[in-house]
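Notes follow the structure.
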Amino acid sequence: MKAYLFSVIYSGEKKKAIMRFYDPTSGRIICVEDPTDHKPYLLTDASPEDVRALAEELVSRIVRIHRVKRYDVVRDQYVEVTKVETSDPLAVGGSKKDLRTILAKAGFRVWEAKIKYYESYIYDRGLIPGMLYRIRGGDIVLEKADLPEEERRMVEEAFSGESDEVRNLALELARILREPIPKMNYASLDIEVASPPLQMPSPSDPRKPVIAVAMMGSDGMKKVFLLRRGNSEVPSRIGDIELVVFNEEADLLRAVSEEMRRYTVIYTFNGDNFDLPYLAKRAKVLGVGDLGIITERDRALLRDGIHIDLYKLFSNRSIQVYVFKNAYLGYTLDEVSEGILNEKKIDIGPERDIAGLPPEKLARYCFQDARLTFLLGSSLNNNLLRIIFVFSRLARMPVEDVARTGISQWIKGMIYASYRERKWLIPNKEDILKVRGSKIYSKALIKGKKYMGAIVLNPVPGVHFNVAVMDFASMYPSIIKKWNISFETMNCPHADCKDNRPLEDIPHWICRKGLGVVPKIIGVLRDLRVHIYKKLAKSKDIPEEMREWYDVIQSSLKVLLNASYGVFGFEEFPLYSPPVAEMITALGRAAITSAVEEARKLGLKVIYGDTDSLFIENASEDLLKMLEERVESKLGIDLELDKMYRYVVLPSIKKNYLGVTPNGHVDIKGLLGKKRNIPDIVKEAFFEVLKVLSEARTPEEVEECKKRIGEIVRGYVEKLKRREFRLDEVCFRATLSKKLSDYVKTTPQHVKAARLLEERLKVKVQPGEVISYVKVTGADGVKPVELANVREVDVDKYVEIMRSTFQQIFDALDLDFDELISGKRVKTLEDFL
DNA sequence: CAATTCGCCTGTGGCA
DNA sequence: TGCCACAGGCGAA
């Protein structure tokens with residue numbers, strides 16, 4: 001039988017790892033018990049006798065103790081350590097008197113004791129979640145589909161200059177990434193509880209009944225399960241939504257559970273912490289049998305499928321920024337749906353009186369939430385699941401965990417799996433820091449930061465025509481690869497490597513003797529992305545469906561590559577290594593500096609640059625080619641032409657510019673006018689001005705459109721002064737990044753507004769929520785939009801916002817906001833002549 | 001459970 | 001009142 005591995009769980013009852021597979025033919029989950037007698041374990045430098053003596057109370061839970069050989073990469077030596085295998089994971093760690101604590105207290109060293117058991121099992125058995133396996137009895141074998149000839153040739157060619165080791169990894173990863181994902185039935189679920197107005201129900205207090213459960217399925221199923229309350233008539237359907245009414249809550253729960261079982265994937269929005277545990281708790285309260293929901297401390301699993309909590313997935317910053325391109329602002333269902341689907345929840349007012357809604361309204365409300373959740377699960381052209389599977393395979397992580405963990409966990413998974421495969425000792429953070437150094441030699445520009453980051457060049461303000469943007473494609477991953485930077489290679493113990501210092505002012509040296517795991521994996525992923533998947537995703541002679549899949553792969557790889565440097569500067573990362581992070585940014589600074597030098601030597605005019613890019617004005621193609629070649633031969637990393645701009649408006653401040661592409665598209669970077677917290681009316685004015693600018697092609701045309709710009713800006717200022725606007729057009733939106741009570745040092749305006757909201761409307765605001773507020777005349781200066789009216793809006797403040805927003809680009813255009821709105825004639829070229 | 005630094009902007013709150 | 005450092009938010013890379 002062939003089935004996809006979804007996850008591995010630990011069964012406390014059987015004291016075994018259980019592999020959960022999905023059989024696409026029957027649509028069922030198949031559980032396979034570990035056939036290898038694998039046990040939880042840790043490694044220690046204590047002798048077997050020491051372990052037995054120290055762990056008296058645990059002795060019955062120790063299954064095996066033996067000496068094993070491991071390679072200690074931090075010290076570059078083979079060591080013999082004691083492997084202590086136990087009957088259950090808690091004996092290793094996670095309980096009060098566990099082995100890892102006992103041994104550490106006695107002064108022994110302990111390794112690999114903080115790895116979750118099911119992860120340890122995945123790594124040790126070389127399993128790849130998300131992949132197809134052949135199951136025969138208890139035996140499982142990875143079903144290895146061959147790469148298509150064409151693709152294999154591409155990989156062979158792209159990696160022809162590399163070692164066999166690297167080329168083989170590339171081929172293996174290419175095979176893994178290519179495997180399609182299974183067809184799966186999926187559905188969304190959302191529940192409502194009869195809690196009084198303004199009270200948030202919680203699974204820790206499951207006293208109120210579940211009154212509605214809405215579901216929507218990939219097979220067209222649309223249902224709302226309702227609990228009958230009172231004797232009002234309930235229709236049997238609303239449009240194509242089926243309403244099923246129950247007199248008993250217990251029956252409702254059973255029916256929901258049965259419906260859920262029909263689907264392999266269940267999407268919820270916050271189902272880990274609310275919907276599923278609440279259902280499970282109610283089932284317990286009412287004495288209903290098992291619903292198939294397994295609740296843990298911070299997650300809810302399904303016995304017969306996989307549960308994906310989209311709230312967690314969408315709160316992942318990497319997903320938000322790289323996969324969804326910042327399309328949504330906050331992380332509530334309303335905000336995410338608004339940004340991605342352009343749809344909202346049904347508004348039932350700030351009191352949220354769920355229990356008081358008449359049945360039909362309740363059904364509509366609940367169903368809309370389930371529908372939004374369903375649509376979010378199907379977003380990106382139904383590619384979200386594919387992305388999750390790609391990460392699952394690369395990170396060697398259960399499919400369900402991908403959505404629940406951050407990017408550092410994904411990268412950890414890639415590295416740990418590789419270590420276990422080689423039988424290398426996974427080092428402790430403290431060891432890396434102690435042996436390989438924690439000292440930082442550079443000073444961050446920003447107070448409170450640990451080390452120096454990238455260079456941003458001073459812009460040459462003004463309007464520049466015919467601008468080429470050159471950049472180092474995936475700069476940090478390229479640096480990692482080129483200089484072999486890894487926590488194993490930095491400041492190695494070999495005397496003869498100490499002179500291998502790429503930079504004079506940073507005393508870290510890099511090992512010459514072997515390839516680090518990080519440069520190997522990151523290098524391969526980078527090259528696969530650049531040379532294979534980006535090309536295939538654009539290739540015209542590949543079917544649409546396949547192109548899309550390649551695009552999924554390349555954009556997923558981008559997410560991992562982008563974070564691959566940052567995690568080493570992240571203190572909580574288990575392989576935290578400040579020298580690694582510092583070395584990478586230092587080499588980045590050296591690269592851009594030297595590229596600027598080369599450009600100047602060629603007589604090119606560099607007008608701006610940030611981290612890995614150079615903006616070059618009016619250069620010939622030949623000179624740009626020459627620059628590429630010189631930089632590459634000098635540095636060994638690729639500089640390439642990223643894009644051209646017809647013209648770039650460059651203010652005198654860094655990280656802000658506006659570029660018009662040959663087809664008239666406007667790239668806006670950093671400028672106030674695009675920040676999501678500024679009022680819509682200002683944004684609208686800003687974009688109207690941009691539209692005018694985008695149509696200009698020559699310096700003369702830019703001059704000409706200044707007049708038009710003046711009229712637009714003047715128009716908006718007049719509008720403000722005459723109060724011709726709606727409140728929602730003038731509200732600022734700022735995210736509440738922590739609990740209201742945690743703002744102790746200052747009270748920012750959005751916090752002031754949020755407090756007013758809580759006082760006057762008796763609602764609770766949560767961290768992560770976006771607060772909309774308006775600037776008003778009067779003592780407080782701000783009001784939440786819900787409490788304000790147009791008459792009290794402080795119009796002058798808004799004119800000020802307009803001024804600062806426009807002045808950013810006006811500086812470069814040689815315009816002045818005050819002159820414009822006072823109706824003075826706009827200076828044109830002729831005035832100077 | 002949790003990727004980084006650089007840089008701009010607004011507003012707050014302490015101090016003279 | 002004005003100055004200034006800092007907090008907090010958002011974006012670029």
Side-chain angles (χ1 to χ4, degrees), chain A residues 116 272-273 297-299 312 315-322 326 329-330 401 404-412 440 442-459 469 471-476 559-578 580-582 584-586 588-589 592 608-613 642 651-657 667-678 732-738 742-752 770-771 775 781-782 797 800-801 803-805 807-808:
Chain A
K116 285 195 190 92
D272 267 343
N273 290 313
R297 192 162 50 92
D298 208 33
R299 58 179 195 170
K312 286 204 177 137
S315 313
N316 183 315
R317 281 281 292 158
S318 298
I319 297 283
Q320 180 185 17
V321 176
Y322 297 112
N326 263 323
L329 322 169
D401 279 7
R404 295 192 170 96
T405 59
I407 192 137
S408 65
Q409 298 294 308
W410 306 348
I411 292 174
K412 181 194 83 177
I440 299 281
S442 62
K443 196 172 170 306
L445 301 182
I446 300 175
K447 232 171 102 182
K449 301 292 178 195
K450 292 172 295 227
Y451 56 91
M452 191 184 273
I455 288 178
V456 187
L457 304 181
N458 266 321
V469 181
D471 77 350
F472 292 103
S474 7
M475 184 198 231
Y476 290 161
V559 175
L560 284 173
L561 291 169
N562 273 330
S564 62
Y565 129 77
V567 294
F568 290 104
F570 173 44
E571 273 147 288
E572 308 308 316
F573 186 54
L575 303 164
Y576 173 55
S577 172
V580 165
E582 181 182 40
I584 294 169
T585 56
R589 292 192 299 275
I592 189 174
Y608 179 58
D610 184 351
T611 310
D612 59 359
S613 67
D642 179 33
S652 48
I653 49 174
K654 295 171 175 181
K655 294 203 184 272
N656 287 267
Y657 63 86
D667 279 345
I668 315 146
K669 300 290 177 177
L671 296 168
L672 263 175
K674 79 174 289 194
K675 300 238 173 181
R676 66 181 194 217
N677 52 351
I678 71 155
F732 288 81
R733 299 180 186 86
T735 311
L736 203 63
S737 60
K738 46 192 185 187
D742 288 351
Y743 288 89
V744 285
K745 290 183 174 149
T746 56
T747 308
Q749 298 198 314
H750 68 297
V751 174
K752 201 180 278 180
V770 176
I771 309 295
K775 301 206 184 211
V782 291
K797 286 265 166 49
E800 279 309 305
I801 310 289
R803 182 200 314 278
S804 39
T805 303
Q807 205 53 52
Q808 284 188 331

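Just so we're on the same page: letters track the sequence lines, and every chain starts at 1. Quick note: numbers below take in every heavy atom, side chains included, and nothing from hydrogens, waters or symmetry partners. Everything numeric here is computed off the predicted structure, so don't read it as measured data.
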*In dot-bracket notation, what is the pairing pattern of DNA chain B, taking Watson-Crick (N1-N3 plus N6-O4 or O6-N4) and G-U wobble (N1-O2 and O6-N3) contacts under 3.5 Å, with [ ] crossing and | for other strands?*
...|||||||||||||
Euclidean distance, atom [atom1] of residue [X] to atom [atom2] of [N] [Å, nearest integer]:
{"X": "A:Lys449", "N": "B:dA3", "atom1": "NZ", "atom2": "C1'", "value": "12 Å"}
{"X": "A:Lys797", "N": "B:dT10", "atom1": "NZ", "atom2": "P", "value": "12 Å"}
{"X": "A:Ile446", "N": "B:dT4", "atom1": "CD1", "atom2": "C1'", "value": "10 Å"}
{"X": "A:Phe570", "N": "B:dC1", "atom1": "CZ", "atom2": "C1'", "value": "9 Å"}
{"X": "A:Leu445", "N": "B:dC8", "atom1": "CG", "atom2": "P", "value": "11 Å"}

*Are the side chain of A:Lys674 and the backbone of A:Ile668 linked by a donor-acceptor contact shorter than 3.5 Å?*
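Confirmed, A:Lys674 side chain pairs with A:Ile668 backbone.
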*Okay, side chain of A:Ser318, backbone of A:Ile407: is any donor-acceptor separation there less than 3.5 Å?*
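No.
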Scan [X] against the nucleic acid and name what it touches under 4.0 Å (heavy atoms): base, sugar-phosphate only, or nothing.
{"X": "A:Phe573", "answer": "nothing"}
{"X": "A:Gly453", "answer": "sugar-phosphate"}
{"X": "A:Ile653", "answer": "sugar-phosphate"}
{"X": "A:Gln808", "answer": "sugar-phosphate"}
{"X": "A:Lys752", "answer": "sugar-phosphate"}

*Under 6.0 Å from the six-membered ring centre of A:Tyr743 and within 45° of its axis: does the NZ or CZ of A:Lys738 meet both?*
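Checked: cation-pi criterion met.
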Side-chain heavy atoms of [X] within contact of [Y], under 4.5 Å:
{"X": "A:Phe568", "Y": "A:Glu582", "answer": "no"}
{"X": "A:Tyr476", "Y": "A:Thr611", "answer": "yes"}
{"X": "A:Leu671", "Y": "A:Pro651", "answer": "yes"}

*Upstream residue (5' side of DNA chain B) when A:Tyr451 and A:Leu672 are each assigned their closest nucleotide*: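 In this pair, the answer is A:Tyr451.
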*Take nucleotides 8-13 of chain C nucleotide by nucleotide from the 5' end and write B, S or -, depending on whether a protein heavy atom sits under 4.0 Å from the base, only from the sugar-phosphate, or from neither.*
SSBBBS
*When you check the phosphate oxygens OP1 and OP2 of B:dT4, does a side-chain N or O of A:Thr585 lie under 4.0 Å from one of them?*
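Checking B:dT4 against A:Thr585, no side-chain N or O comes under 4.0 Å of OP1 or OP2.
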_Phosphate-side-chain proximity, A:Gln409 and B:dA3, N/O vs OP1/OP2 below 4.0 Å_ =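 Answer is no, no contact under 4.0 Å.
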*Near A:Lys797 NZ, under 6.0 Å, is it more than 12 heavy atoms from other residues, nucleotides or ligands?*
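Incorrect, the count does not exceed 12.
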*Of all the choices, B:dC6, B:dT4, B:dA2, which nucleotide is nearest to the side chain of A:Met452 once you look at every atom?*
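Looking only at side-chain atoms, A:Met452 lies closest to B:dC6.
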_With no hydrogens and no angle check, just 3.5 Å: does a side-chain donor-acceptor pair link A:Lys412 and A:Gln409?_
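Judged by distance alone, the side chains do pair up.
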*C:dA13 and B:dA2: how far apart are their P atoms, nearest whole angstrom?*
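Looking at atom P only, C:dA13 and B:dA2 are 27 Å apart.
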*Can you check salt bridge (Lys or Arg N to Asp or Glu O under 4.0 Å) on A:Asp610 and A:Lys655, steps first, answer last?*
CA-CA 7 Å; A:Asp610 184 351; A:Lys655 294 203 184 272; 2.8 Å; yes
